[in-house]
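Structure record follows, encoded as structure tokens.
One-based numbering along the sequence shown. All values derive from a computational prediction rather than experimental measurement.
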Amino acid sequence: MPHQDATFLHTEPLGRVMGFWIALEDATLDNGCLWFIPGSHQNGITRRMVRTPKGTDFIGRDNTYEDNQFLPAPVKKGGLVLIHGEVVHRSGQNTSQRSRHVYTFHVMEAEDTRWNPENWLQPTPELPFPSLYT
């Protein structure tokens with residue numbers, strides 16, 4: 001499903017979250033590599049997932065995208081893909097007999113950045129967000 005990471009990991013200002021996507025195996029067209037809409041990181045977001053008393057919900061509207069807007073990004077084992085929080089991306093369907101394992105995590109520039117208190121993921125005293133450097 002096409003999405004923007006900033007929909008789920010919202011910061012103020014936007015653009016302070018970066019995804020790290022590390023291929024543990026080759027990611028090919030056949031086994032589900034990532035696909036991106038070039039330049040879409042410049043258009044902001046139109047939808048957010050927020051915490052509610054009953055769990056989570058979405059506010060805003062979900063855009064629709066045409067398949068021809070996306071470009072594939074095959075990656076060899078050990079390759080790193082950096083994903084801007086506002087870029088529209090998706091994974092292709094795995095139509096092969098091979099797996100496509102990856103390791104992924106996100107980082108946020110903490111200086112002069114506000115982590116939205118409505119985000120589904122919140123740090124706690126027991127499980128704070130770790131700093132990469134101080």
Side-chain angles (χ1 to χ4, degrees):
M1 167 168 292
H3 68 278
Q4 297 166 288
D5 293 345
T7 297
F8 308 96
L9 307 173
H10 191 264
T11 61
E12 296 168 9
L14 280 173
R16 299 296 179 98
V17 170
M18 180 75 64
F20 285 65
W21 195 93
I22 302 166
L24 301 178
E25 303 172 301
D26 290 350
T28 66
L29 293 175
D30 293 332
N31 73 351
C33 70
L34 291 173
W35 293 68
F36 294 91
I37 296 181
S40 60
H41 67 287
Q42 299 171 354
N43 300 328
I45 61 171
T46 60
R47 183 171 104 138
R48 288 192 37 228
M49 184 167 126
V50 297
R51 294 180 117 188
T52 67
K54 295 182 180 180
T56 59
D57 199 1
F58 287 96
I59 58 174
R61 62 179 173 74
D62 198 12
N63 282 337
T64 56
Y65 304 101
E66 300 298 324
D67 284 342
N68 65 1
Q69 293 178 271
F70 289 88
L71 293 179
V75 179
K76 292 287 189 189
K77 177 181 178 178
L80 167 67
V81 179
L82 296 176
I83 304 173
H84 188 283
E86 295 171 67
V87 72
V88 177
H89 60 286
R90 67 180 187 202
S91 295
Q93 182 176 354
N94 187 344
T95 59
S96 76
Q97 297 298 311
R98 298 181 324 275
S99 59
R100 188 229 55 197
H101 293 283
V102 302
Y103 180 75
T104 186
F105 61 94
H106 292 83
V107 298
M108 177 190 82
E109 172 59 55
E111 187 172 330
D112 299 322
T113 303
R114 179 177 173 264
W115 183 255
N116 196 298
E118 293 180 329
N119 284 342
W120 68 275
L121 181 63
Q122 293 294 320
T124 65
E126 297 80 23
L127 290 171
F129 292 159
S131 293
L132 293 179
Y133 61 91
T134 55

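Between P117 and R114, the closest heavy-atom pair is CD-NH2, 3.0 Å. Taking every heavy atom of both residues into account, P2 and V88 meet most closely at CB-CG1, 4.1 Å. The heavy-atom pair separating I45 from H10 by the smallest distance is CD1-CD2, 3.5 Å. Here the shortest heavy-atom pairing between L82 and M18 reads CB-SD, 3.9 Å. Residues N31 and N94 share a closest heavy-atom pair of CA-OD1, 3.3 Å. Closest non-hydrogen pair, M49 versus T56, comes out as CE-CG2, 3.9 Å.
M1 and I59 fall into different hydrophobic clusters, where Ile, Leu, Val, Met, Phe, Trp and Tyr are joined by side-chain heavy atoms under 4.5 Å apart, directly or via other members. V81 and W35 fall into different hydrophobic clusters, where Ile, Leu, Val, Met, Phe, Trp and Tyr residues are linked whenever their side-chain heavy atoms come under 4.5 Å apart, directly or through other members.
Of the listed residues (T124, V107, L121), just one forms a side chain to side chain contact (heavy atoms under 4.5 Å, CB included) with F129, and that residue is L121.
Note: R51 CZ to E118 CD = 10.5 Å, rounded to the nearest 0.5 Å. Taking CG of L24 as the start and CZ of R100 as the end, the distance is 10.0 Å to the nearest 0.5 Å. Note that OG1 of T113 is 10.5 Å distant from CG of L14, once rounded to the nearest 0.5 Å. Here the CH2-CZ distance, from W120 to R48, works out to 14.0 Å after rounding to the nearest 0.5 Å. The CG atom of N63 sits 9.5 Å away from atom OG1 of T7, with the distance rounded to the nearest 0.5 Å.
Counting only heavy atoms from C-beta outward, the side chains of L34 and I83 approach each other to under 4.5 Å. Using a 4.5 Å heavy-atom cutoff, the side chains of F36 and L71 are not in contact. At least one side-chain heavy atom of H89 sits less than 4.5 Å from a side-chain heavy atom of D5.
In this structure, the side chain of T95 engages the main chain of D30 through a donor-acceptor pair within 3.5 Å. Between the R16 side chain and the E111 main chain, a donor and an acceptor come within less than 3.5 Å of each other. Of the possible polar contacts, one joining the E86 side chain to the G15 backbone as a donor-acceptor pair under 3.5 Å is found. Side-chain atoms of Q4 never come within 3.5 Å of backbone atoms of R47 as a donor-acceptor pair (strictly under, hydrogens ignored).
Remark: R98 pairs with no residue by the salt bridge (charged side-chain N to carboxylate O under 4.0 Å, His left out) rule, at least two apart or across chains.
By the neighbour-count criterion of 12 heavy atoms within 6.0 Å, atom CZ of F105 is densely surrounded, having more than that number from other residues, nucleotides or ligands. Within a 6.0 Å sphere centred on CD of E12, other residues, nucleotides and ligands contribute more than 12 heavy atoms.
A perpendicular orientation is assigned to the rings of F58 and F8, their planes being inclined by more than 60° (bins at 30° and 60°).
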Derivation of the side-chain contact (heavy atoms from CB on, under 4.5 Å) call for W115 and T11: CA-CA 5 Å; W115 183 255; T11 61; 3.9 Å; yes
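The side-chain hydrogen bond (donor to acceptor under 3.5 Å, both in side chains) contacts involving residues 67-76 comprise D67-R90, where partners must be two or more places apart or lie in separate chains.
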